[in-house]
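All heavy atoms count here, side chains included; hydrogens, waters and symmetry mates do not.
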Amino acid sequence: MSPHKNINSSYIQPNVGGFVSKISWRARKRMFKSLMKIACPTAEMRVLDVGVTSDQREDSNFFEKLYPYSHMITAVGLEDASFLEQDYPGLKFLKTDGLNLPFPDKSFDLVVSFAVIEHIGSRERQRAFVHELCRVGRKCCITTPNRWYPIEFHTVLPLVHWLSPLWFRRILRALGKDFFAKEENLNLLGLKELKSMFPKDMKILEAHYRLFGLVSNLLFYVMEDY
């Protein structure tokens, strides 16, 4: 963990007894391994990580922790994660919106975004986010928790997220979870919903993560279909 002052992010779920972060860290390492197997990175690849966080819990900003060529990473996000430049010499951090990335088309060999799209807002904004990542990257990896897993990971609540969004948000407000009750802060996706958001001319590979036998996290790797 970075020695800098930890600024807790509102997007990070409660860490009940340290159990949540341990499960999350294990899942993220497994997903990282799947990504590396597909992407076959080299020291020359230009990489963009969209959605880094100010939070410094063990499972936060895990890509920077694990990626062997962190000096080739440009990391962007709405929160202040400038400490990453000190922790990983050569890494560049830019505070900016993932919906309007200040980069030319195909600036990066690989764009990654881990568990960010569910925090973008409406379905229209989520689709625009996916297309923006695909615009600046030759290849993209996007992950998100699966809406149809029995546990909702941000609130650590069972089954209530299977209800309609209207009732799900009402229950969250009743439980005092006002932040995640807002669509702009949490809008869960299933496999078919996310898959339909990719540009039609992209080749899609799937490497979803299973927890206790069920798909808990979706991982899509996309590239231009030559």
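- Atoms CD1 and CG, from I151 and L159 in turn, are 6.5 Å apart once rounded to the nearest 0.5 Å.
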Under the side-chain contact (heavy atoms from CB on, under 4.5 Å) criterion, do L218 and K195 qualify, and how do the steps go?
CA-CA 10 Å; L218 307 176; K195 189 173 183 178; over 6 Å; no
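- A distance of 8.5 Å separates OG of S107 from CZ of R138, quoted to the nearest 0.5 Å.
- Put simply, V215 and M197 are part of the same group of oily side chains (I, L, V, M, F, W, Y) that touch within less than 4.5 Å, one to the next.
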Step-by-step side-chain contact (heavy atoms from CB on, under 4.5 Å) determination, F108 to M45:
CA-CA 8 Å; F108 296 92; M45 285 179 63; over 6 Å; no
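- In this structure, the side chain of N217 does not engage the main chain of T144 through any donor-acceptor pair within 3.5 Å.
- Considering CG of L35 and OH of Y67, their distance stands at 8.5 Å, rounded to 0.5 Å.
- Using a cut-off of 4.0 Å between Lys/Arg side-chain N and Asp/Glu carboxylate O, E124 and R127 are scored as not salt-bridged.
- Taking 4.5 Å as the limit, every side-chain heavy atom of T143 sits out of range of all side-chain heavy atoms of S113.
- Salt bridge D59/R57: present, at least one basic N to carboxylate O contact under 4.0 Å.
- Ring to ring, Y11 and F179 are close: their centroids are under 6.0 angstrom apart.
- In terms of heavy atoms, Y209 sits closest to A27 at CE2-CB, 3.4 Å.
- Side-chain contact between I117 and V130: present, with at least one pair of heavy atoms (C-beta onward) separated by less than 4.5 Å.
- You'll find the side chain of E224 stays beyond 4.5 Å of the side chain of K139, heavy atoms only.
- Counting only heavy atoms from C-beta outward, the side chains of Y88 and K65 approach each other to under 4.5 Å.
- Side-chain atoms of Y221 and L110, non-hydrogen and from C-beta on, do get closer than 4.5 Å to each other.
- Annotation: cation-pi pair R170/W167 present, NZ/CZ under 6.0 Å from the ring centroid and within 45° of its normal.
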What do the steps show when you test R123 against E193 for salt bridge (charged side-chain N to carboxylate O under 4.0 Å, His left out), and what is the final call?
CA-CA 9 Å; R123 290 288 183 254; E193 289 169 310; 3.2 Å; yes
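- Between H154 and F180, the ring-plane angle classifies as tilted under the 30° and 60° cut-offs.
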Test side-chain contact (heavy atoms from CB on, under 4.5 Å) on E152 and V160; report intermediate values, then the result.
CA-CA 8 Å; E152 199 293 297; V160 293; 5.8 Å; no
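- Smallest separation of non-hydrogen atoms from A75 and E64: CB-OE2, 4.1 Å.
- The shortest heavy-atom contact between S216 and F153 is O-CE1, 3.6 Å.
- The closest donor-acceptor contact from the side chain of N187 to the backbone of E118 lies at 3.5 Å or more, if one exists at all.
- Aromatic ring pairs are classed by plane angle as parallel below 30°, tilted from 30° to 60° and perpendicular above 60°; the pair W162 and W148 is tilted.
- Rounded to the nearest 0.5 angstrom, I142 CD1 and L219 CG are separated by 9.5 Å.
- A heavy-atom distance below 4.5 Å is not found between the side chains of M72 and L91.
- None of D49, L48, L133, I73 except one satisfies the side chain to side chain contact (heavy atoms under 4.5 Å, CB included) rule with V112; the exception is D49.
- V76 and F114 are assigned to two separate hydrophobic clusters, defined by single-linkage of ILVMFWY side chains at heavy-atom distances under 4.5 Å.
- Salt-bridge check for K95 with E79: failed, with every basic side-chain N at 4.0 Å or more from each acidic carboxylate O.
- Using the six-membered ring where Trp is involved, Y69 and H71 have ring planes that are perpendicular, over 60° apart on the 30 and 60° scheme.
- Looking at heavy atoms from C-beta onward, E183 lies out of side-chain contact with P165 at the 4.5 angstrom threshold.
- By the rule that hydrophobic residues join a cluster once side-chain heavy atoms approach within less than 4.5 Å of another member, L194 and L214 end up as members of separate clusters.
- Between D178 and R173, none of the side-chain N atoms (NZ, or NE/NH1/NH2) sits under 4.0 Å from a carboxylate O, so this pair counts as no salt bridge.
- Atom CG of residue L99 and atom CG of residue L78 lie 8.5 Å apart, to the nearest 0.5 angstrom.
- S24 and R28 are linked by a side-chain donor-acceptor pair at a separation below 3.5 angstrom, with hydrogens and angles left out of the test.
- At least one donor-acceptor pair under 3.5 Å links the side chain of E132 to the backbone N or O of L101.
- Annotation for F93 and A81: closest pair CZ-N, 3.4 Å, computed over non-hydrogen atoms.
- The closest side-chain heavy-atom distance from L94 to P102 is below 4.5 Å.
- Summarising the geometry of R125 relative to I120, their closest heavy-atom pair is NE-O, 2.8 Å, with the distance given to 0.1 Å.
- Residue L175 is grouped with residue L188 when hydrophobic side chains (ILVMFWY) are merged at heavy-atom distances under 4.5 angstrom, including chains of intermediate members.
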Could you please spell out the steps behind the side-chain contact (heavy atoms from CB on, under 4.5 Å) verdict for I38 and M36?
CA-CA 5 Å; I38 297 171; M36 293 300 96; over 6 Å; no
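- The minimum heavy-atom distance linking G137 with K106 is given by the pair O-NZ, 3.2 Å.
- Cluster membership check: M223 does not share its hydrophobic cluster with F129, using side-chain heavy-atom separations under 4.5 Å among Ile, Leu, Val, Met, Phe, Trp and Tyr.
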Could you please spell out the steps behind the ring-ring contact (aromatic ring centres under 6.0 Å, His included) verdict for F198 and H131?
CA-CA 7 Å; F198 292 104; H131 281 248; 8.4 Å; no
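- H161 and Y149 have their aromatic ring centers separated by at least 6.0 angstrom.
- In this structure, R30 contributes its side chain and W25 its backbone to no donor-acceptor pair below 3.5 Å.
- Separation of atoms CD1 (I171) and CG (L166) is listed at 10.0 Å; rounding is to 0.5 Å.
- Donor-acceptor pairing under 3.5 Å is recorded for the side chains of S82 and D80.
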